[in-house]
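Here's the structure, in structure tokens; my notes come after.
Just so we're on the same page: letters track the sequence lines, and every chain starts at 1.
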Number of protein chains: 2
Amino acid sequence: MAVNMKGIARDLGVSTVTVSKALRNHPDISKTTRARILDRVKELGYRPNLTARSLVTGHSSLIGLIVPDLIHPFFADVAKGLSSAVRQRGYFLLISSSEEDPELEAQEIDHMLAHRLDALVIASCQTDPTALRNVQRGETPLILVDRSFKSFPSYFVGSDDYAAGKLATEHLVNVGCRRIAHIRGPENSVGIRRLKGFLDTIRRHGLAIPEENIIRAPRVDVDGKLNGAAALRQMMALPEMADGVFCYNDVIAMGVIKEALSQGINVPEDLAVIGCGNLHYDAEIRVPLSSIDQRSNQIGGRAAKLILEILGSETPMEFQDVILQPKLAARASTERTARSSSTPAKTGAQRRSAANV
Amino acid sequence: MAVNMKGIARDLGVSTVTVSKALRNHPDISKTTRARILDRVKELGYRPNLTARSLVTGHSSLIGLIVPDLIHPFFADVAKGLSSAVRQRGYFLLISSSEEDPELEAQEIDHMLAHRLDALVIASCQTDPTALRNVQRGETPLILVDRSFKSFPSYFVGSDDYAAGKLATEHLVNVGCRRIAHIRGPENSVGIRRLKGFLDTIRRHGLAIPEENIIRAPRVDVDGKLNGAAALRQMMALPEMADGVFCYNDVIAMGVIKEALSQGINVPEDLAVIGCGNLHYDAEIRVPLSSIDQRSNQIGGRAAKLILEILGSETPMEFQDVILQPKLAARASTERTARSSSTPAKTGAQRRSAANV
DNA sequence: TTGAAAGCGCTACCAA
DNA sequence: TTGGTAGCGCTTTCAA
């Protein structure tokens, strides 16, 4: 790798400029010269130093991606889609995880920008958008994915979380649930919108929502299973237990199902459960999980498309939101025939004693 | 971001050299000068251009990682471990997926090297190591993970696949299996060593291995579930069906279990099933899956440690292998009391008709 | 303690 | 069609 353009130029008795142009298929190099140069390049296994090129051209062919968790299948999906879409245009992805820590995320943003990225994609865990605002002050286009911020206009690619909440809740109503609970997510755009979709749908159907049927689960994306189980126990402690529950994500839903079964509550007969994300947990779990597919596999690709547009446009482009429509994926965990809401419900206590027989 | 050292130097009436030194805590800058500079830097939100720095220093603070699949939980684990370990030292990860395509992998290697990485980590899908040999000819340290190559010495971090095969098979023997099948993986170091661990263990116990009990599954890491199901049907077609099976990975094992249950074969009573990888599929599947934990969460961290050693060492370091020892994770899919091998076995045909009753 | 000069490997610009 | 010159933003070296 110690070989550089100067060396090749010297070997062939041409100038570095000629080599440079030949390598980039510049039209004003003669066929024979180009051939000579390419031959030598191949012979030496030479590759132009992209660091040097970046310094001159001002673009790095690097796109940054910061996600809260690299292992989470949703973000892995996003990363994969983004990576494969930009690869074809010669970009690489600089990936980093914020571990759901706003402070760490801010540091990583700062560090990434020092690498002079051509674009920065973030599924941000910030509670307020100050750090992101700083990015926008610079010259690196910022694309938010999954999570956005009120009163912070930006490019955004994500799914319609309000619609997700609506779809899930509507589905529970359709299969006959009348006392529907929601295990809600964090105080970010995603959690808030899913909750709103839930509430509006419940209201539209004239159903009641006792305050205590909205359950708050901490750290939903990390300890989901444990939190789901805990949330279920919380639900059972209520005087009138729900007959359906919309869970913020699939992992929580799985925790709910597991705990329900071990407490003698039948899913879906006693409790219909639906998650959100549709993240490959479908097939082998004991009760295949109904979920809302939020198109995680498309988000990366759409973000890539948006980035390429932004980078290709001469004049500054206006911010835009790309909102993907979620889709119901109904499976066994909500598969029951609609029954009348007049069926008297067992209380949590009743259920528990039934389970202990 | 249009701000650079020259600007700061001009503003403060010092030279760029002074600014540069102050930023890197060079000892020979006076306290007051340094303070003045750092103040101004903070005021402007200035960050040194790492591209320019790289060009001069010759190192990029970039580490490349190429894996066959970004979504595969094993590689996601590796990526996460690697990323978090090198982050603290100021490195970023340039990540790319080869999609299990050797040609594409070779291209990506080439492209990555053009970015003048400080190290390159690959879970390679090459069938022969020529492309990797080319990397070693250059100056970028190459670290293989998960998969290695015979007669290609290099730095390597992975788990002991022979031991994994041995552990899994030993466990099946211990729970009473006597006709043990293996759904084998690809013709790479991982597949071959797990197979060898399997074969040696079977032999050591004086058990028979009819040729047809070693089943070959294509594309094990992509269509695992389908292939697992197909492999099970293949097993059922044999005159004497196995009573235990060691599957190359967890996803195949899940496919086997699913198909077995739907064919009326009880797991683990009729067929004990063990996978390999221990990749978070444990809890909610119908029959919790026994597996071999291959320490995927440690591989990235160990690779990082090795890289930092290599980069820190003045003299060229010798190649070394870091081999992590796998561990049995026994769960329900192999949980049966050892029974005598004299129990007559149903044939696949008999089982099938039983299932159709 | 500070800074002038040189140069990392490449590309842009303009002249030949 | 070719190439000399300048310079991207920084660090290194060495002289002041």
Side-chain angles (χ1 to χ4, degrees), chain A residues 1-38 40-41 44-62 90 111 113-118 138-140, chain B residues 1-38 40-41 44-62 90 111 113-118 138-140:
Chain A
M1 287 300 163
V3 45
N4 57 18
M5 275 193 183
K6 208 152 99 186
I8 294 178
R10 190 183 347 91
D11 293 352
L12 265 45
V14 295
S15 76
T16 59
V17 179
T18 307
V19 177
S20 173
K21 283 178 176 168
L23 279 169
R24 287 172 298 140
N25 288 318
H26 217 84
D28 50 49
I29 298 292
S30 74
K31 267 212 155 127
T32 49
T33 311
R34 165 172 295 125
R36 282 208 312 144
I37 292 172
L38 294 184
R40 184 70 182 145
V41 160
L44 295 174
Y46 168 78
R47 280 234 117 203
N49 183 329
L50 296 185
T51 307
R53 180 180 288 176
S54 297
L55 191 56
V56 180
T57 62
H59 40 251
S60 61
S61 300
L62 256 28
H111 187 183
L113 290 180
H115 277 281
R116 298 306 192 262
L117 309 170
D118 291 343
E139 299 172 342
T140 312
Chain B
M1 285 302 162
V3 45
N4 56 18
M5 276 193 181
K6 208 151 98 183
I8 294 179
R10 189 182 348 93
D11 293 353
L12 265 45
V14 297
S15 76
T16 59
V17 181
T18 306
V19 177
S20 173
K21 283 178 175 167
L23 278 169
R24 286 172 298 139
N25 287 319
H26 217 84
D28 49 50
I29 298 294
S30 76
K31 266 212 156 123
T32 49
T33 311
R34 166 173 295 124
R36 282 209 312 144
I37 291 173
L38 293 184
R40 184 71 183 144
V41 160
L44 295 174
Y46 169 77
R47 280 233 116 203
N49 182 329
L50 295 185
T51 306
R53 179 180 289 176
S54 298
L55 191 58
V56 180
T57 62
H59 40 251
S60 60
S61 299
L62 255 29
H111 187 183
L113 291 180
H115 276 281
R116 298 307 192 261
L117 309 170
D118 290 343
E139 300 172 341
T140 312

Just the rounded figure in Å: distance from [atom2] of [N] to [atom1] of [X].
X	N	atom1	atom2	result
L12(A)	dT1(D)	CG	P	18 Å
M5(B)	dC8(D)	CE	C1'	14 Å
L50(B)	dC8(D)	CG	P	18 Å
I29(A)	dA12(C)	CD1	C1'	14 Å
Y46(B)	dG9(D)	OH	P	9 Å
I8(B)	dT11(D)	CD1	C1'	15 Å
R53(A)	dG7(D)	CZ	P	22 Å
K6(A)	dC10(C)	NZ	P	10 Å

Check whether any side-chain N or O of [X] sits under 4.0 Å from OP1 or OP2 of [N], and answer yes or no.
X	N	value
N49(A)	dC10(C)	no
S20(A)	dC10(C)	no
T18(A)	dG3(D)	yes
S30(B)	dT1(C)	no
T51(A)	dC10(C)	no
R24(B)	dT11(D)	yes
T57(A)	dT11(C)	no

**Asked** With nearest nucleotides of DNA chain C determined for G13(B) and L55(B) from heavy-atom distances, which residue corresponds to the more 5′ nucleotide?
**Response**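 The 5'-side residue here is G13(B).
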**Message:** On DNA chain C, compare the nucleotides closest to V14(B) and V56(B); which residue's is nearer the 5' end?
**Reply:**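 Closer to the 5' end of DNA chain C: V14(B).
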**Asked** Is there a side-chain contact between V19(A) and R40(A), using heavy atoms and a 4.5 Å cut-off?
**Response**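 V19(A) does not reach R40(A) side chain to side chain.
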**Asked** Taking the side chain as C-beta and beyond, is there a heavy-atom pair between H111(B) and L50(A) under 4.5 Å?
**Response**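 Yes, their side chains come closer than 4.5 Å.
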**Asked** Base, sugar-phosphate alone, or nothing: which one does T33(B) contact when heavy atoms must sit under 4.0 Å apart?
**Response**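 It contacts sugar-phosphate atoms only.
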Whether [X] side chain and [Y] backbone form a donor-acceptor pair below 3.5 Å:
X	Y	value
S20(A)	T16(A)	no
R53(B)	P48(B)	no
R34(A)	H26(A)	yes

**Asked** Closer to the 5' end of DNA chain D via nearest nucleotide, is it V17(B) or T32(A)?
**Response**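 Here T32(A) is the residue nearer the 5' end.
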**Item:** Given dT2(D), dG9(D), dT2(C), the nucleotide with the shortest approach to the side chain of K21(A)
**Value:**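 Of the options given, the side chain of K21(A) lies nearest dT2(D).
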